[in-house]
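These numbers come from a predicted model, not from an experiment.
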Amino acid sequence: MQYRPGHDTCPLPFSPFKSCTVPRPIGWLSTISRDGLHNLAPYSQWQNLTFDPPMVMFAANQYPDGRRKDTVLNAEETGWFTWNMATWDLREAVNISAMALAPDEDEFDRAGVDRAPCSIAPGARVAQSPAHFECRYLSTHRLPGNSPVGTVDVVFGQVEMIHVEDRVISSDGKLDIPAIQPIARMGYYDYTVIRDVFEMRIPGASADEAAGLEGKT
């Protein structure tokens, strides 16, 4: 099977595009508007970019009527957004916060999660989440699509504060990922849970290279 997107009709009943780029970490992002309204929403197009300094990005498609997402507008207006780790225990709250609610409706309340104060950023963190990044907004790169919903805002930020709960740190100083059970997005309406972890080290990598990849930087 092969086809050319935008030119050929997809021969499958569902597009395979998003199901090939898996699993995708979830950017469960909290922001606040200039008027003090809290917002919480998940984005499955989220990733870290580099580590020195730590930088991240998320991509937010427009609504079908051409409106931009509140998360993007809030980040641009206040200069901040906060990432909250999405876990198996919080899966229902993550899903509820994906609903297209009115800007004046608080997703924290709708999803049934508590707010915890940030250290630097305005707004709040999800108190029940085990890890958070407070991110200073850097820029937005808009990419036009073939439709209003295909047009996307790619937002870049720099991580200025990292929070990790002590209870999820193992005795060797690493995050206990199998215990945390982060969830990730697959294609369609499918998700997955990280419960199995295995290690592979690059053959011949020097100590400096290893430190740059996974060390204290």
Item to complete: Please identify each residue that fulfils side chain to side chain donor-acceptor pair (under 3.5 Å) with Glu76, with sequence neighbours left out.
Response: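 For Glu76, the residues satisfying side chain to side chain donor-acceptor pair (under 3.5 Å) (neighbours in sequence not counted) are Arg68, Thr140.
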Discussion item. So, using side chain to side chain donor-acceptor pair (under 3.5 Å) as the criterion, who are the partners of Thr82 when residues are at least two apart?
Written reply: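 Partners of Thr82 by the side chain to side chain donor-acceptor pair (under 3.5 Å) criterion come out as none, since no residue qualifies.
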Worksheet item: Is the shortest side-chain N to carboxylate O distance from Asp109 to Arg115 below 4.0 Å?
Response: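 Here Asp109 pairs with Arg115 in a salt bridge, since their nearest N and O are under 4.0 Å apart.
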Worksheet item: Does a side-chain N-to-carboxylate-O contact under 4.0 Å join Arg125 and Asp114?
Response: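 Between Asp114 and Arg125 there is no salt bridge, as every charged N stays at least 4.0 Å from the carboxylate O atoms.
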Without swapping roles, check the side chain of [X] against the backbone of [Y] for a donor-acceptor pair under 3.5 Å.
X: Glu107; Y: Leu40; answer: yes
X: Ser170; Y: Lys174; answer: yes
X: His132; Y: Val126; answer: yes
X: Glu165; Y: Ala131; answer: no
X: Asn61; Y: Val149; answer: yes
X: Ser30; Y: Ala124; answer: yes
X: Gln181; Y: Val193; answer: no
X: Thr151; Y: Gly145; answer: yes
X: Arg201; Y: Gly204; answer: no
X: Asp106; Y: Phe108; answer: yes

Discussion item. Less than 6.0 angstrom from the centroid, inside 45 degrees of the normal: does Lys69 satisfy that with respect to the ring of Tyr63?
Written reply: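 Flagged: Lys69 positioned over aromatic ring of Tyr63.
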Worksheet item: Is a side-chain donor-acceptor pair under 3.5 Å present for Ser129 with Asn84?
Response: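 No pair is found: no donor N or O on one side chain lies under 3.5 Å from an acceptor on the other.
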Worksheet entry | Distance-only polar pair, side chains of Trp80 and Thr31, donor-acceptor under 3.5 Å |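 No donor-acceptor contact under 3.5 Å links the two side chains.
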Practice prompt. Return the minimal non-hydrogen interatomic distance between Gln62 and Pro148, and the atom names on each side.
Written response: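 That closest heavy-atom pairing would be NE2-O, 2.9 Å.
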Worksheet entry | Minimum-distance pair of heavy atoms, taken over all atoms of Met55 and Leu138 |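 Where Met55 meets Leu138 most closely, the heavy atoms are SD-CD1, 4.2 Å.
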Fill in: Residue pair Val159, Glu134: steps toward the side-chain contact (heavy atoms from CB on, under 4.5 Å) verdict
CA-CA 6 Å; Val159 178; Glu134 296 182 35; over 6 Å; no
Please say whether more than 12 non-hydrogen atoms of neighbouring residues, nucleotides or ligands are located less than 6.0 Å from [atom1] in [X].
X: Asp8; atom1: CG; value: yes
X: Met1; atom1: CE; value: yes
X: Asp65; atom1: CG; value: yes

Worksheet item: Can you check ring-ring contact (aromatic ring centres under 6.0 Å, His included) on Phe58 and Trp46, steps first, answer last?
Response: CA-CA 4 Å; Phe58 70 94; Trp46 153 273; 7.0 Å; no
[Y] side chain reached by [X] side chain, heavy atoms, under 4.5 Å:
X: Gln158; Y: Glu160; result: yes
X: Cys135; Y: Phe156; result: no
X: Ser97; Y: Arg110; result: no
X: Phe81; Y: Asn74; result: no

Fill in: Test side-chain contact (heavy atoms from CB on, under 4.5 Å) applied to Val152 and Arg142, step by step
CA-CA 6 Å; Val152 65; Arg142 285 177 59 78; over 6 Å; no
Practice prompt. Please step through side-chain hydrogen bond (donor to acceptor under 3.5 Å, both in side chains) for the pair Thr71 and Asn39, ending with a clear verdict.
Written response: CA-CA 7 Å; Thr71 304; Asn39 184 269; 3.3 Å; yes
